[in-house]
> 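Sharing a structure, written as structure tokens. Questions coming.
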Amino acid sequence: MAAETASLEEHFQGWGEVVLLADRTLRWEKPWFPAAIMGAVSFLFLMIYYLDPSVLSGVSCFVMCLCLADYLVPTLAPRIFGSNTWTTEQQQRLHEICSNLVKTRRRIIGWWKRLFVLKEEKPKMYFMSMITALAFIAWIGQQVHNLFLTYIIVSFVLLLPGLNKHGIITKFVGMGKREINKLLKQKEKKNE
């Protein structure tokens with residue numbers, strides 16, 4: 001894992017300041033960051049809705065923006081942030097970010113492998129769960145407009161680190177568990 005983290009840090013060479021800024025924003029270090037995230041995402045999706053590009057044009061513009069960022073960020077970042085301001089604390093934070101990204105990648109690969117283990121060990125269970133999940137996703141896709149569904153997913157993914165850091169997810173999961181336990185206790189009392 002250390003080699004993967006070091007490789008990712010090397011890949012982010014020239015992007016360090018931008019990665020740290022994105023990390024601070026996504027973890028909501030200031031109280032107005034969630035509003036800024038939602039404003040930027042809303043503006044982007046309103047522009048997409050207004051311009052209504054074809055899939056090919058949309059993908060082309062997206063890749064073009066990535067190429068521009070890949071060229072301009074390493075060139076302009078030292079001028080904007082100052083090249084002499086990189087500290088050991090910032091390097092440690094970048095290392096933590098890269099380590100977390102590697103862990104997340106490994107978790108996703110682990111889930112993917114577990115899915116194939118389920119396919120080999122319990123093919124009927126795999127088949128039924130996949131058909132059920134995909135049918136549910138297809139139903140949601142049929143009920144909700146594609147662009148709005150993408151907006152909701154992108155917004156949730158961008159807000160997730162801040163929700164996690166501030167304990168909001170833990171709070172609501174705990175509330176859900178308490179409600180489920182109450183319902184189960186009520187059911188047990190009725191059965192007695």
Side-chain angles (χ1 to χ4, degrees), residues 1-12 19 22-23 26-28 34 37-38 41 44-45 48-49 52-63 65-67 70 95-192:
M1 186 168 116
E4 291 177 73
T5 304
S7 172
L8 190 57
E9 282 183 56
E10 185 179 315
H11 181 73
F12 281 148
V19 170
D23 177 62
L26 293 176
R27 289 185 307 116
W28 306 354
I37 291 169
M38 288 307 298
V41 170
L44 176 68
F45 276 87
I48 292 171
Y49 178 75
D52 194 24
S54 66
V55 173
L56 189 59
S57 297
V59 170
S60 176
C61 287
F62 178 72
V63 173
C65 288
L66 287 178
C67 288
D70 189 41
H95 180 76
E96 289 174 22
I97 293 167
C98 291
S99 178
N100 288 337
L101 287 173
V102 168
K103 287 177 189 173
T104 302
R105 181 177 165 264
R106 285 186 169 201
R107 269 190 220 122
I108 291 170
I109 291 171
W111 291 337
W112 187 255
K113 287 180 181 177
R114 278 189 225 121
L115 191 64
F116 284 104
V117 167
L118 180 66
K119 180 181 177 184
E120 290 177 12
E121 292 178 357
K122 298 179 180 179
K124 290 179 183 175
M125 176 71 160
Y126 168 81
F127 176 75
M128 289 305 297
S129 59
M130 289 302 289
I131 293 298
T132 304
L134 292 173
F136 180 70
I137 291 170
W139 178 78
I140 289 174
Q142 192 63 30
Q143 301 300 317
V144 182
H145 189 273
N146 288 336
L147 190 62
F148 183 65
L149 190 59
T150 307
Y151 171 75
I152 291 171
I153 292 168
V154 168
S155 298
F156 178 74
V157 167
L158 291 177
L159 292 174
L160 190 61
L163 291 169
N164 194 28
K165 181 186 177 233
H166 291 278
I168 297 169
I169 292 175
T170 307
K171 176 183 171 184
F172 283 105
V173 168
M175 287 172 52
K177 285 181 181 178
R178 282 193 298 275
E179 291 300 319
I180 290 171
N181 287 337
K182 284 180 187 176
L183 291 173
L184 291 175
K185 286 180 183 177
Q186 288 176 357
K187 190 174 183 178
E188 286 177 4
K189 288 180 182 178
K190 287 181 182 178
N191 288 340
E192 291 177 358

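Since the structure is predicted, the reported quantities are computational estimates derived from the model, not experimental observations.
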> Does a sphere of radius 6.0 Å around CE in Met38 hold more than 12 heavy atoms from other residues, nucleotides or ligands, not counting ones at 6.0 Å or beyond?
yes
> How many angstroms lie between CD1 in Ile97 and CG in Asp23, if you round to the nearest 0.5 Å?
3.5 Å
> Given side chains that start at C-beta, do those of Val173 and Lys177 come closer than 4.5 Å, heavy atoms only?
yes
> With distance as the sole test, does Ser7 use its side chain to make a donor-acceptor pair with the main-chain N or O of Ala3 at under 3.5 Å?
no
> A side-chain contact here means heavy atoms from C-beta on lying under 4.5 Å apart; do Phe172 and Met175 qualify?
yes
> At what distance, to the nearest 0.5 angstrom, does CD of Glu96 lie from NZ of Lys103?
9.0 Å
> What do you reckon, is NZ of Lys165 surrounded by more than 12 foreign heavy atoms closer than 6.0 Å?
yes
> Quick one: pull up CG in Leu8 and NE2 in His95 and give me the separation to the nearest 0.5 Å.
10.5 Å
> Let me see the working for Ile140 and Gln143 under side chain to side chain contact (heavy atoms under 4.5 Å, CB included), right down to the final yes or no.
CA-CA 5 Å; Ile140 289 174; Gln143 301 300 317; 5.8 Å; no
> Could you label the plane-to-plane angle of the Trp28 and His166 rings as parallel, tilted or perpendicular, counting under 30° as parallel and over 60° as perpendicular?
parallel
> Using every non-hydrogen atom in the two residues, find where Val41 and Ser155 come nearest and quote the distance to one decimal.
CG1-OG, 3.5 Å
> What is the minimum heavy-atom distance between Pro53 and Ile48, and which atoms define it?
CD-O, 3.4 Å
> Is there a side-chain contact between Leu183 and Gln186, using heavy atoms and a 4.5 Å cut-off?
yes
> Output the distance between atom OG1 (Thr132) and atom CE (Met130), rounded to the nearest 0.5 Å.
10.0 Å
> Please indicate whether Arg105 has more than 12 foreign heavy atoms, meaning atoms of other residues, nucleotides or ligands, lying under 6.0 Å from its CZ.
no
> Please give me the minimum heavy-atom distance between Phe12 and Leu101, naming the atom from each residue.
CE1-CD1, 3.9 Å
> Rounded to the nearest 0.5 Å, how far apart are NE2 of His11 and CD of Glu4?
14.0 Å
> Quick one: CD1 on Ile152 to CG on Leu147, what's the gap to the nearest 0.5 Å?
10.5 Å
> Is any side-chain heavy atom of Phe45 closer than 4.5 Å to a side-chain heavy atom of Thr150?
yes
